[in-house]
Amino acid sequence: MADQYDYDLFTIGAGSGGVRASRVAAAHGAKVAIAEEHRVGGTCVIRGCVPKKMLVYGAHFAEDLEDAKAFGWTIDNPRFDWATLRDNVLRDVDRLNGLYTETLENHGVEIINERAELTGPHEITLASGRKVTAKHILVATGARPHIPACPGNELGITSNEAFHLDALPPRILIAGGGYIANEFAGIFNEFGSQVTIINRSDKLLRGYDEALRDRLLQISVMKGIDFRFHAEFRGIEQTDDGGLKVSMTNHDDLVVDGVLFATGRVPNTEGLGLDKAGVKLGAKGEIVVDEFSKTSVDHIYAVGDVTNRVQLTPVAIREGQAFADTVFGGKPTKVDHSCIPAAVFSHPPLAGVGLTEGEARNKYGSVRVYQSDFRPMKNVLAGRNERALYKMICDEDSGRILGIHMIGPEAAEIMQAAAVAVKAGLTKADFDATVAIHPTMAEELVLLR
């Protein structure tokens, strides 16, 4: 391919999107290098979805051990050891880091373990001072946790550090109303910490269906999580006995042992030389791209969270694949960002695909909503008063399913299959025509009235 350049493709950032793009480009015959200043694998694998889900599994045992009694099991004084779980999770993260590295190497991608920045149209300068050139450049630097500006904010941690805690804080304050805040609230609460969530609005999980958000709030409160709404940080200070005193708007001060910021994520675009290269950024610092992930500069592309389109791993992977197929595979590919299913691994989890009831009413006017509000069989026997809620939103005229939303055990697992149906444009009649698998929670989807 490009002889006058050192590489056909130089990727900055070895997370989900950058790794997929580099591997596929190399498979298409390109000479590829990838630079990563931290560890190969990115947020999802190293300090995000993967270790988080393992903690969620670990946390679920708190309820499972409790529920086991009603099913005839005697489990004498179970104890939880945070350090054991933490170290086992980190060990698995190391394993995955090794696998991602191996995949790149097997495809002949050169891994450069240092920071890279753009210093000319086709030139990249590495932290060591070495300069290289590339015909195409892909920026896949992801995003990082946002830290609210307030005095003492250096005393708090983010999700990055949560996986490495020496000990569980007996009292933790979590700031934010999104999925990261709600997931960690569930995790810490099950591990026995006293959890308080503060949020600057009174809305949790924007973008999910309102009925599910209300149900999660109700169940979380029942589980002992404390919520303070319309609360913004005034400051955080150390107390004499090693605690943290948090002052906030509209509420009394609170003394806790740890503060976790989960207030959104910011695209990593600083210090990359994007301005020098002429790459246009949006209002939030994200890289602006077209439907082929191309930036304002012809040979520079960007995928994943740094573009702030849809901040989800499988989306970054698709964007990386589409980029490689477009630029190196001779097959122009766009990623369809509509109807993407997503889940929140809260306690209990919730998941959704397509339009919420509110969005559907705004867009279509007349919609039909079917729902099932039930107590899962396991909860009934366990004496756990926790109800699941499934909703299906359909177009009144055609019966086409516009959205499915659910909160309850295994919601994400069930949603993955249901999302295929919504994406395919199936109707309520298609679900009605399908025989139920009894007894399951998922059968409620084909029995909705």
Side-chain angles (χ1 to χ4, degrees), residues 1-2 5 7-30 32-35 42-44 116-124 133-144 207 264-342 354-355 359 363 423:
M1 284 190 185
Y5 300 106
Y7 302 100
D8 297 311
L9 171 64
F10 194 100
T11 302
I12 304 177
S16 302
V19 166
R20 171 61 65 92
S22 303
R23 173 168 80 67
V24 176
H28 285 314
V32 184
I34 191 166
T43 294
C44 175
E117 81 178 81
L118 307 179
T119 45
H122 289 270
E123 184 187 75
I124 298 107
T133 59
K135 183 175 184 186
H136 296 279
I137 295 167
L138 176 68
V139 183
T141 47
R144 64 179 184 279
R265 294 176 64 81
V266 188
N268 282 320
T269 48
E270 297 88 351
L272 289 174
L274 295 172
D275 46 348
K276 291 192 218 87
V279 174
K280 195 167 149 251
L281 300 183
K284 292 190 173 139
E286 77 279 14
I287 297 179
V288 179
V289 291
D290 69 10
E291 51 203 348
F292 291 103
S293 295
K294 188 196 284 194
T295 70
S296 55
V297 179
D298 259 357
H299 62 278
I300 302 178
Y301 290 74
V303 297
D305 289 3
V306 76
T307 65
N308 203 29
R309 285 175 283 183
V310 178
Q311 292 195 351
L312 292 171
T313 299
V315 175
I317 290 172
R318 286 190 167 227
E319 289 168 359
Q321 175 87 39
F323 153 79
D325 287 343
T326 299
V327 177
F328 298 100
K331 193 176 116 201
T333 311
K334 299 174 188 177
V335 174
D336 176 5
H337 288 93
S338 70
C339 213
I340 294 171
L355 302 178
E359 289 166 345
K363 191 169 173 184
K423 184 74 177 159

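All residue numbers in this chain count up from 1 along the given sequence.
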Side chain to side chain contact (heavy atoms under 4.5 Å, CB included) assessment of V289 paired with E319: CA-CA 11 Å; V289 291; E319 289 168 359; over 6 Å; no

For the student: nearest non-hydrogen atoms of T11 and S22, plus distance: OG1-OG, 3.0 Å

Within 6.0 Å of CZ in R309, more than 12 heavy atoms from elsewhere: yes

Heavy-atom pair of closest approach, residues G304 and T307: O-OG1, 2.7 Å

Side-chain donor/acceptor of H122 to backbone N/O of K135, under 3.5 Å: yes

Nearest heavy atoms of E359 and L355, plus distance in Å: OE1-CA, 3.4 Å

N/O donor-acceptor pair under 3.5 Å between S16 side chain and A316 backbone: no

Expected output: side-chain T269 to main-chain G285 donor-acceptor under 3.5 Å: yes

Flag side-chain contact, heavy atom, 4.5 Å: I287 against T141: no

R20 and V303, any side-chain heavy atoms less than 4.5 Å apart: no

A143 backbone acceptor or donor facing R265 side chain under 3.5 Å: yes

Check: S296 side chain, G278 main-chain N or O, donor-acceptor pair, under 3.5 Å: yes

D305 side chain to N308 backbone, donor-acceptor under 3.5 Å: no

Heavy-atom check, side chain of L274 versus side chain of L118, under 4.5 Å: yes

Atom of A21, atom of L138 and distance for their closest heavy-atom approach: CB-CD2, 3.3 Å

Hey, can you pull the donor-acceptor pairs under 3.5 Å for the side chains in residues 323-331, sequence neighbours left out?
residue : atom : partner : partner atom : Å
D325    : OD1  : H28     : NE2          : 2.8
D325    : OD2  : Q321    : NE2          : 3.3
T326    : OG1  : A322    : O            : 2.7
T326    : OG1  : T333    : N            : 2.9
T326    : OG1  : T333    : O            : 3.3

Shortest non-hydrogen contact from R318 toward V335: O-CG2, 3.5 Å

Heavy-atom pair with the smallest gap, counting every atom of V297 and A277: CG2-O, 3.3 Å

By salt bridge (charged side-chain N to carboxylate O under 4.0 Å, His left out) - contacts of K284 (at least two apart): none

